[in-house]
Amino acid sequence: MSDNQFYESLDETKPGHTFLDSNELVLNMGPQHPSTHGVLRVILKLDGEKVNGIECVIGYLHRGIEKIAENRTWAGFGPFVDRLDYTAAVSNSLGYCLAVEKLLGVEVPKRAQYLRVILTELARLASHQVWLGTHVLDIGAVTPLFYAFRDRETILSVFEKYCGARLTTHAFRIGGCRWDAYPGFAEEVLKLCDDLPPMIDEYRNLITGNRIWLQRTKNVGYISPEDCMSYSITGPVLRGSGIGWDLRKAQPYSSYEDFEFDIPTGTAGDTFDRYVVRVEEMRQSIRIIRQAVDGLPEGPIIARVPKVIKPPVGEVYVSTEAPKGELGYFLVSDGGPQPYRVRVRPPSFINLQALEKMAKGSLVADVVAIIGTLDIVLGEVDR
Amino acid sequence: MIKSFLGYLHSGVTPGEAGNLIWITIYVLLVFAGVSLGVMFMNWFERKIMAHMQVRMGPMRVGPHGLLQPIADALKLIIKEDLMPSNADKLVFWFAPVCVVMTAFCAFIVVPFGRTHTITDMNIGVVFMLGVSSLGVLGVIMAGWASNSHYSLMGSLRSGAQMVSYEVAMSMAVVSAVMMTSMVTGTGTLSMIGIVQAQMQQHIWFVFSFFPVGLIALAVFAIAMVAETNRAPFDLPEAESELVAGFMTEYSGFRWSLFFLAEYTSMMAVSSIATTLWLGGWLRPFPNLLGGRNWDLAFSLVPGLTFMALALLCFFTFTRMPRIRAMRGDTAGLGGLACLLGVLGVVMLLPGVRDRVQDIFWFTSKVAFFMYFYVWGRTTFPRYRFDQLMTIGWKVLLPISIGVVILTALIGVRQDLFALVRR
Amino acid sequence: MSFVAVLKKIFLIDLVEGLFVTFRHQHPDNLVTEQYPQERPVISDRFRGQPHLKKDANGKTLCTACGACALACPEKLIKVSSLRDPETKKKVLTEFDFDLGRCMFCGLCEEACSSNALELSPAYELALYSREGLELDRQRMEDGTPRKAYER
């Protein structure tokens, strides 16, 4: 319902009045708020401290990326895709390139596929570091944020050395990778893989066993597996509820079938399990990176792709397992040099639907924890 | 008049007991200045220590290593625009920070920095301090009410409820410590100086007496005092991520700095209670185990040596400052600070000074120890949700503290029975 | 719960462990702050900073005015003007306008350049006090941005 309709429903004199309880307090966690991970507006209907209803108002970061795509070339749209989930820009790039390559029918060389896997898993690590730092900060512990960002710095410096930018990487091109591994790439990435697990163990000492953390996150924000399926939630939220669905294993892309890794799954679909799932995913990512770096084959890094990309008429939907969930690209081509339609299936947007289900009946302090555990990035939600 | 002025110096009592008005005023001003200086130092100390624990450096620009940062903060807050929300209750809005600051400072009337270094020694010292701290709750609730905003009201009511709940547990722990004062001598006392003297007579700091009862009492008091002063992990009312700043949201500029001042002052006040009751107040470590003239001499050198060590640290940092033109002022300042601390250290080693400064030094360092724990805890722990907070206050701390009181009483009765039997 | 677990709960062992983790990080070797502008970050070779037109050893521009960069740029912010030299029949660059304010440093122009003239240099200190300075002409593209020396 629109803003006007919503406010009318609060007005007792109007016919659309829906609240019978005049004791309800309407609290606006406005777009400018330290805990909403971006410009998300959450309207809470509170009964004392208990949350009766939640309404999310989004769109504050809408930049019209999908519309912009209609006026850029297929290759020229590549930099824009990074700006969707800006904490892990590389994974967005991977999804888009895979989709266009499927439209074109281009086969990406093996070396490029392995390089893509390494960088995407590094991006997954980086995204989970951001999530960890901000989620724990919302719950009150101020230090793990800095530890997480310190670890993220090592990953970002690898990105900078590889493609020249830390955040908006534009790392991949249609057909493969633009750059080959720089001298010292393998050593630096392997050193990162060695340095990171002790840091993850530190998080365990500082957070996981901490009784305050357990009290704040156990049985908070529960969502059942059936609800997850009906809301089409994907990613760590789904895996925290017990369903072991990961696109890297279910529909492997870009040589993921060559690597051996586990899919961490939780049992109780609460905040604590989602936390454990994501931390364990970080360890599995390190495992994948090690295997990819050790097994990096020789060969070309980009396939032969025409200078002006004009895919045949058709449409394609390709989805990848982004750190936040299933990131999908639905591309429609009309044979020209510019896309006819690019539709992004953002995992954060779809996962945000579950906020009301998870937070109804809990306390105000838990709403912040639940928004954090959903791991939303407003760049994706609003595009 | 000069005679009365100088005559007091050789008496062995506090100015309040001596009834000497001039010295009372001097002591009041000294304590006020000292506490304010302490708050400014705490501002810098907290930011630096929090930063170092978070693998970063904290303030480095304003003055060498950020030492002038508190001054810059104070200046900024004073020159800020003074806002008052429309429809706010003006008188109450004005009075709330004043109330909180007044009660926080009033608690320092009876804090014993030494045998004679106290403004006055009431014979109900501890009760006075606890009572005055409770008045601070009134200021907090007034602040939330007068701000005329949902957020502030919720925050202040929560804060008030939290402070009141934890005061009960605090008071129980204090009762147990007071009971320990009557163990050996048979006459208990509520006066702060009396409690420290009782520890002196019993040759033990109360934290170690009847191990582990004293320790549990101190632990309960420590947790309760963190909750009383709205610090992490019990700082939900101030939680930025949830209610902006709780009851302090609508206060800006100088009014906010008064709340800040009051918070740190009450932190120091409750730390002083904890130090006096359990850690032996102004007594040096091991007064009886390591007794005798030589040990006394050795321990009396510690204040001077501490300041010399600080001076050496400053000097070491001074040598490592970057040698660029823009940092000339900072480097000079740091060198000057090193010299100042060195001079203070040397002065404190002089025989006349070192005996007088001993008490104050040991008391302040014990309070500083508690303040470090405050900062350490804030950096490490996440926040408790409000219902969990209240559960801990009523269902965990209160039973434990009542248990400690009962245990102390039983031990005391046993001692008395034994004493009776021996006679 | 086992006896050890009960003891751990009473003595707040998990909280104490957390305290030790933060205490350990205080060591000065662990501090990662870079005191900019006294310490500047080390920039990699591939860093995508301000675009820069390269010249050869004689000072003649390498740009052949082919216009590939203008075509490749997603934001269409490059304008290349050229004259045809009557003797060699080749294009000669006259003006090269680049709108740095809208550039997103994607590097597509650098990729498209056929003569290796346009590169994204490691200059990243591009802040100005007014917007006029953001529209780079050919001269500024060739000069690049000198690195600022900060007093403090």
Side-chain angles (χ1 to χ4, degrees), chain A residues 24-30 32-37 42 44 46 48-50 133-151 153 199 202-203 205-220 271 275 362-369 371-372, chain B residues 46-58 149-159 161-162 223 226-227 230-246 249 374-393 395-397:
Chain A
E24 262 181 1
L25 176 70
V26 173
L27 202 65
N28 184 37
M29 276 173 70
Q32 261 186 332
H33 194 278
S35 292
T36 52
H37 294 274
V42 179
L44 299 164
L46 302 174
E49 183 105 356
K50 204 162 72 79
T134 51
H135 186 213
V136 177
L137 180 69
D138 290 339
I139 306 256
V142 298
T143 21
L145 173 74
F146 293 95
Y147 300 160
F149 271 76
R150 173 200 57 185
D151 299 330
E153 279 297 308
M199 312 288 188
E202 239 174 39
Y203 302 147
N205 284 343
L206 191 52
I207 307 168
T208 315
N210 195 327
R211 65 185 60 197
I212 308 176
W213 177 258
L214 289 170
Q215 276 198 298
R216 283 301 295 267
T217 55
K218 274 217 187 270
N219 299 324
V220 165
T271 307
Y275 162 84
S362 65
L363 306 178
V364 176
D366 292 332
V367 171
V368 177
I371 296 178
Chain B
E46 174 170 39
R47 286 177 71 166
K48 271 305 215 190
I49 297 294
M50 259 183 87
H52 279 244
M53 288 182 175
Q54 292 166 351
V55 293
R56 57 190 177 91
M57 281 198 221
S149 124
H150 287 316
Y151 279 126
S152 309
L153 192 60
M154 268 172 82
S156 79
L157 289 175
R158 282 198 203 169
S159 185
Q162 173 187 331
I223 298 174
V226 172
N230 284 339
R231 292 278 294 189
F234 304 105
D235 64 346
L236 196 70
E238 285 179 4
E240 284 160 15
S241 35
E242 289 165 69
L243 291 178
V244 191
T249 314
Y374 264 112
V375 177
W376 199 3
R378 179 177 176 194
T379 322
T380 317
F381 301 129
R383 210 172 278 137
Y384 269 114
R385 208 173 56 206
F386 191 63
D387 60 321
Q388 294 162 348
L389 209 156
M390 298 299 269
T391 310
I392 293 179
K395 289 199 204 165
V396 174
L397 277 187

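Naming convention: chains lettered A, B, ... in sequence-line order (proteins, then strands); numbering from 1 in each chain.
With a 4.5 Å cut-off on side-chain heavy atoms, Ile139(A) and Arg383(B) do not count as touching. Side-chain contact between Tyr384(B) and Arg216(A) is absent, with no heavy atoms from C-beta onward closer than 4.5 Å. Taking the side chain as every heavy atom from C-beta outward, Asn210(A) and Pro382(B) approach each other to under 4.5 Å. Side-chain atoms of Tyr147(A) and Val55(B), non-hydrogen and from C-beta on, do get closer than 4.5 Å to each other.
Residues passing the side chain to side chain contact (heavy atoms under 4.5 Å, CB included) test with Ala51(B) are Arg56(B), sequence neighbours excluded. Taking the salt bridge (Lys or Arg N to Asp or Glu O under 4.0 Å) definition, one finds that Arg211(A) meets it with Asp14(C), sequence neighbours left out.
Side-chain N or O atoms of Thr143(A) include one that pairs as donor or acceptor with a backbone N or O of Thr379(B) at under 3.5 Å. Using a distance-only test at 3.5 Å, with no hydrogens or angles considered, a donor-acceptor pair links the side chain of Gln388(B) to the main chain of Gln215(A). The backbone N or O of Asp366(A) sits nowhere less than 3.5 Å from a side-chain atom of Arg385(B) that would complete a donor-acceptor pair.
Note that CE of Met50(B) and CZ of Phe146(A) are 7.5 Å apart. Values are rounded to the nearest 0.5 Å.
For a residue to count as touching a neighbouring chain, one of its non-hydrogen atoms must lie under 4.5 Å from one of that chain's; by this rule Ile212(A) touches chain B with backbone and side chain alike.
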